[in-house]
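By convention in this document, chain letters (A, B, ...) are assigned in the order of the sequence lines, proteins followed by strands, and residues within each chain are numbered from 1.
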Number of protein chains: 2
Amino acid sequence: MTAPSPRALTEPVEDYLKAIYELERRNGAASTSEVALALAVAPASVTGMVRRLAAQGYLDHVPYRGVQLTAAGRAAALRTIRRHRILETYLTQVLGYPWDRVHDEAERLEHAASDELIECLAAALGHPTSDPHGAPIPTVDGLVDERVHRTLADLAVGHTARMVRVASDKDPDLLRYLADIALRPGAEVTLVARAPYDGPLTLRIGEAQPIVGPNLAAQVLVEPVLTPAPASAASATEPKPAASRARRR
Amino acid sequence: MTAPSPRALTEPVEDYLKAIYELERRNGAASTSEVALALAVAPASVTGMVRRLAAQGYLDHVPYRGVQLTAAGRAAALRTIRRHRILETYLTQVLGYPWDRVHDEAERLEHAASDELIECLAAALGHPTSDPHGAPIPTVDGLVDERVHRTLADLAVGHTARMVRVASDKDPDLLRYLADIALRPGAEVTLVARAPYDGPLTLRIGEAQPIVGPNLAAQVLVEPVLTPAPASAASATEPKPAASRARRR
DNA sequence: CTCGATATTTAGTGCATCCTAAATTGTCCG
DNA sequence: CGGACAATTTAGGATGCACTAAATATCGAG
Ligand SMILES: [Mn+2]
Ligand SMILES: [Mn+2]
Ligand SMILES: [Mn+2]
Ligand SMILES: [Mn+2]
């Protein structure tokens, strides 16, 4: 099945497969121009690369229609994503790297580190399941939590949620701002008010009440929080079966 | 002075400059075939790369005569060597990597890590001055201990020396064997006997008396050790001024 | 001093990746 | 249904880095 590839993916190839995987997840498909945008290359370059990757069995390409990963392509993408996220976690947790700067570093190291090193880091971290931005870390054999989360922008006024992750870790300014207002994975956030016509949202995070725009809110992925009733212990362990169903492949 | 380079050395370029630096140090010059051998490429490939690097001001090339680093070339080489050796030290000391496997890993990471990360690792290690193989780590501004050491093969029978470093860290088998007989930087070794006609050497390291071939002995760089006389304190602090002169540029 | 072995360079290619400009295709609106 | 416009692919090139085979320079031996 696997094509007679030169037995090691190049850096550009790994980045293409990773980008296509993410686009497929977000948008259900990956178009030439989306990939071009994500990788900052010309659309024509994407067409060329896509032809080669399709020939090597990493993806299916219907001209003028878009591109889809094969099993081999998805496996390669998830391997790179695992490396990226383990590296980010190590940089943050062990070396004290700020969370807005780990992405660029990991973007290069992910192609250079050996499997042995990656697993060594993972072990040193106690086999983490999510990276500093809350993104799930695929397992060695390519299983990953693919749950889709709601965003802070969709939260109903008065409701509380727990932040799960940032939609993308590529924007340092956004990440710095989120850190400023203490919005990080695990944080509880309440939507206090929402201005009409897609206006700003008033949040409560701990004591603070930051006001954020809808664009930012759409970048913050949340999950419902099981508010423990102050005195009555009954509803605390409410199962919530539907929301916690992990999709693994 | 610096040529209009595309503002970042590629991985092959960094490896060429590093190899040329090492050859220049060892042999006083770097010939096309030596570089080709060191990098496992064809001699014709070296000629091509050398032409480009000379055009960019990293080295001087006299056709048919050999190649020499310019100041820019030496600086680039030392930067890569610093990264390599800091990475090796981190892998060994913090992650418990065996000393015979750090080289290959560092050989790739050295091109991907940012300056920031390298300095972060150096700080975490307390700014080490030598790598796991005893090789000196250049400073950020390109200063390096360039002392030339004698080898174990040159030691006089009956004399004791302290191992400084392994001549090269590229041979895992050699490194594993050295570790087996407890020959590591800092170890004290006494030459007990030398068989004639370039025969094997009998050493004493701690309690053990391993017998090694002259090829191996030539890979082990040593410095004279100031044997503290058990009772008489006279000869202990013998100055030995010539041997300890550090050459820094 | 000349010859031949050896080292080195030149010539001619291939492949991966990128680019710009010019076709081509798909879509959607009037 | 027929364009217009946007998205996409094709065409034609460039760059970096590698290779093999052929030419050429160097140098030591006789
Ligand atoms: Mn990358
Ligand atoms: Mn991340
Ligand atoms: Mn290298
Ligand atoms: Mn080393």
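Using a 4.0 Å heavy-atom distance criterion, A:Val13 is classed as a sugar-phosphate-only contact. Looking at heavy-atom distances under 4.0 Å, A:Ser33 makes contact with sugar-phosphate atoms alone, never a base. Among the protein residues, B:Arg65 comes within range of the sugar-phosphate backbone only, with heavy atoms under 4.0 Å from sugar or phosphate atoms but none that close to a base. In this structure, B:Thr47 reaches the bases: a heavy-atom distance under 4.0 Å links it to at least one base atom across the strands shown.
To the nearest angstrom, C1' of C:dT17 lies 15 Å from CD of A:Glu14. Atom-to-atom, CD of A:Gln56 to P of C:dA16 comes out at 7 Å; the value is rounded to the nearest Å. Between the CG atom of A:Leu9 and the C1' atom of C:dC15 there is a distance of 16 Å, rounded to whole Å. Spacing between atom CZ of B:Arg52 and atom P of D:dA18 amounts to 8 Å, rounded to whole angstrom units. Distance B:Leu17 CG to D:dC17 C1': 15 Å, rounded to the nearest Å. Rounded to an integer number of Å, the gap from CG of B:Asp15 to P of D:dC17 is 11 Å. The interatomic distance linking A:Leu53 (CG) with C:dC18 (P) rounds to 10 Å, in whole Å. C:dA7 atom C1' lies 15 Å from atom CG of B:Asn27, rounded to whole Å.
A salt bridge links B:Arg26 with B:Glu22: the closest approach of a Lys/Arg side-chain nitrogen to an acidic carboxylate oxygen falls below 4.0 angstrom.
Minimum atom distance to the side chain of A:Met49 is reached by C:dC18, of the listed C:dC18, C:dT8, D:dC19. When distances are taken from the side chain of B:Ala44 to each of D:dA21, D:dT8, D:dC17, the shortest belongs to D:dA21. For A:Val41, counting side-chain heavy atoms from C-beta on, the closest listed nucleotide (D:dT26, C:dC18, C:dT25) is C:dC18. The side chain of B:Thr32 has C:dT8 as its nearest neighbour among C:dT8, D:dT20, C:dT17. Counting only heavy atoms from C-beta on, B:Arg51 has its side chain closest to C:dT10 among C:dT10, D:dC17, C:dT20. In the set D:dC19, C:dT9, C:dT24, the nucleotide with an atom closest to the side chain of A:Tyr64 is C:dT24. Listed nucleotides: D:dA11, D:dA18, D:dA21. Nearest to the side chain of B:Pro12: D:dA18.
If B:Ser31 and A:Glu11 are placed on DNA chain C by their nearest nucleotide, the residue sitting closer to the 5' end is B:Ser31.
OP1 or OP2 of D:dC17 lies within a sub-4.0 Å distance of a side-chain N or O belonging to B:Thr10. Side-chain nitrogen and oxygen atoms of A:Ser45 include none within less than 4.0 Å of the OP1 or OP2 phosphate oxygen of C:dC18. The side chain of A:His61 places an N or O atom within less than 4.0 Å of a non-bridging phosphate oxygen (OP1 or OP2) of D:dT9. Residue B:Tyr16 places at least one side-chain N or O closer than 4.0 Å to OP1 or OP2 of D:dA18.
Here the shortest heavy-atom pairing between B:Leu69 and B:Ala77 reads CD1-CB, 4.3 Å.
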In sequence, state the C-alpha distance, the side-chain angles, and the governing distance for B:Lys18 and B:Glu14, and then conclude on salt bridge (charged side-chain N to carboxylate O under 4.0 Å, His left out).
CA-CA 6 Å; B:Lys18 200 161 54 113; B:Glu14 288 184 334; over 6 Å; no
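Side chains of A:Asp131 and A:His84: no donor on one and acceptor on the other come within 3.5 Å.
No option in B:Val166, B:Asp173, B:Asp171 other than B:Val166 meets the side-chain contact (heavy atoms from CB on, under 4.5 Å) test with B:Leu178.
The CZ atom of A:Arg101 sits 11.5 Å away from the CG atom of B:Leu117 when rounded to the nearest 0.5 Å.
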